Every structure is written in C-alpha cells, then in structure tokens.
Amino acid sequence: MNEFLQLYKRLLSAQGQLNWWPATEPFEVAVGAILTQNTSWTGVEAAIANLKAADLMTPAKIADLPIEELARYIRPSGYFNIKAKRLKSLIKFIIGDLDGDVTNLANMPLHHGRKALLAVNGVGPETADSILLYCANLPIFVIDAYTRRLVGRLEIADPTLPYDELRILFESNLPYMPEIFNEFHAQIVIHCKNSCKKQPLCANCPILDMCAYGTRQGVKQ
DNA sequence: TCCCAGGTGTCTC
DNA sequence: GAGACACATGGG
C-alpha cells in the first residue's frame, strides 16, 4: 500500500467516516469556497449565516444585490470587498453558463468545467477544485494549506510543489473516485484542525508513526 | 497586542 | 516566470 492510501486509511480509522463539507446545498458550498479563501471557517460560517438569515442564498438573489450590500453581509469572513466582487463573478458564471445551477458542472467534461471555472475572476485552482469535487461530485483532489502542511510533516511529498503537480500526485496514488477524494480531503482538514497544529506532535496522534517530524523531534506528552 | 488562518490577482523586475 | 504585496476580520 502506498503512503497516500496508508495515510487515508489511518485517518479514516481514527476519525470515522465524515461525509463532509461544512455546508448543505451545492450553491452554499460554492459560496463557501470563495469565502473561505485565506480565512478560517468560523468567519465564513458567520457570513453564510448572515446571507441565509436574509434569505439571500440563491444565485438570483445575490446577483440582484448591490455589491456594497453583499460586502456588508459577508464582512465576518474577511477581505469582504474583494470577496463580494469574486462572488458576483462566480454567480454571473453560474447563471450565464450553468443555467443557474452549479451542479450542471457535472454535465460537462471535467477539464472543460475546470478551465471555465479558472477563467472566472477570483477563482483559482483550490476554489475551482473545491467546487468541482464538493458541488458536482467530480473526481478531482483539492490541495489546500492543510494538505501541504501534512505532506510536509510526513515527508511523503514536497509541500512546495506547484498546485497541479501535488494534486496529480494524490490522484494517481488513490482510487480514482470522487468519494475517496472528498473523504480524504475532509479527513486531512479535520485532522489538521484538531491535532496537526501541535509541534511537536501530541502523543495520541493517529499518524504519529508515519511522521518523520515526530520521530526526529520527539513527542509532546 | 500580536499572530495566524482551507487564496487570488496585480504589479514589478 | 518568480517574488512581493494587497486584501481584513476574528479567535487564541
């Protein structure tokens, strides 16, 4: 078994099946993908709650909202002015190219949908891949700061690799299934939030023996 | 009070 | 093409 698959199985065993993205509807996932850029999820939750409380969580309603007003709703997520512009760009794409339904990405070839998403202002590779995987259930692995941090700790890959090189490394070492990519990314995020911040690692870390840092630097009791 | 967090676009060289 | 920088709030 390769180290990627081993890591996945160990995290899954330790944390259980997560069936995760911290949002319910596909459109909400897409909004969250923009709002979470370089921001912790707690602020994003507050911003999404503001939009839902105002009954604005639809493409058409946000499209009709003045950008200054949208920025006020999403203020807790940080970078609210730039993210308001990016949300508007994404929603213009969803309405214009996807008939208002982000899940229609699943009806086009993956490379075509990804290219179209990357052409949207404010959508980079991580945001595009989050939308493709979590909204459209397409087989693409999401590389984020947590993923880079973890592969660096475990020394199973160079965390400074370009985005697509690291993504392809994960995809080629796992069963090519969106369900696996989805669950593995979720496992990484939850693990890093809960224990991966600790340096040195805590003694009850479920992947301690895989971690070169832990074996070299000692373990925090 | 300071540091950090699930990126991306723009500008400069 | 690579690196520096701006964008901003909230929690620890």
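In this text the structure is predicted, and so the values were computed from the model without any measurement. We name chains A, B, ... by the order of the sequence lines, and we start the count at 1 in each one.
Looking at which nucleotide of DNA chain B each of His185(A) and Leu118(A) is closest to, the 5′-most match is held by His185(A). Both Thr42(A) and Asn81(A) lie close to DNA chain C; mapped to their nearest nucleotides by heavy-atom distance, the more 5′-ward contact belongs to Asn81(A). Both Thr39(A) and Gly122(A) lie near DNA chain B, and the one whose nearest nucleotide falls closer to the 5' end is Thr39(A).
The distance between atom NZ of Lys83(A) and atom C1' of dA8(C), rounded to the nearest whole Å, is 8 Å. In this structure, Tyr73(A) atom OH and dT9(C) atom P are separated by 18 Å, rounded to whole Å. Straight-line distance from the CD1 atom of Ile48(A) to the P atom of dT9(C): 18 Å, rounded to whole Å. Residue Phe80(A) contributes atom CZ, which lies 9 Å from atom P of dG10(C) at whole-angstrom precision. Rounding to whole angstrom units, CZ of residue Arg148(A) and C1' of dA5(B) are separated by 16 Å. Note: OH (Tyr146(A)) to P (dC4(B)) measures 15 Å, nearest angstrom. Whole-Å rounding puts the Leu90(A) CG to dG7(B) P distance at 17 Å. One atom, CD1 of Ile143(A), and another, P of dG6(B), lie 15 Å apart when rounded to the nearest Å.
Here Lys61(A) does not pair with Asp64(A) in a salt bridge; the nearest charged N to carboxylate O distance is not below 4.0 Å.
You'll find that the side chain of Pro76(A) is closest to dG10(C), out of dG9(B), dT8(B), dG10(C). Of the candidate nucleotides dT10(B), dG6(B), dG7(B), dG7(B) has the atom nearest to the side chain of Gln37(A). Which of dG9(B), dA5(B), dT9(C) sits closest to the side chain of Arg86(A) comes down to dG9(B). Of the listed nucleotides (dT10(B), dT8(B), dG6(B)), dG6(B) has the atom at the smallest distance from the side chain of Lys193(A).
Heavy atoms of Val123(A) sit under 4.0 angstrom from primed sugar atoms or phosphate atoms, though from no base atom. Counting any heavy atom pair closer than 4.0 Å across all strands shown, Arg75(A) reaches sugar-phosphate atoms only and no base atom.
Within the 4.5 Å cutoff, side-chain heavy atoms of Pro125(A) are placed close to those of Arg114(A). Contact of the Phe184(A) side chain with the Leu11(A) side chain is registered, since non-hydrogen atoms from C-beta on lie closer than 4.5 Å.
Put simply, the residue from Tyr146(A), Tyr134(A), Trp20(A) that forms a side-chain hydrogen bond (donor to acceptor under 3.5 Å, both in side chains) with His185(A) is Tyr134(A).
Nucleotides dT8(B) and dG10(C) are separated by 22 Å at their P atoms, to the nearest Å. dT9(C) and dT1(B): their C1' atoms are spaced 16 Å apart (whole Å).
Using a distance-only test at 3.5 Å, with no hydrogens or angles considered, a donor-acceptor pair links the side chain of Gln15(A) to the main chain of His191(A).
Note that the CG atom of Leu56(A) and the OH atom of Tyr73(A) stand 5.0 Å from one another [nearest 0.5 Å].
A close approach under 4.0 Å does occur between a side-chain nitrogen or oxygen of Arg149(A) and OP1 or OP2 of dA5(B). Residue Thr127(A) has a polar side-chain atom (N or O) positioned under 4.0 Å from OP1 or OP2 of dT8(B).
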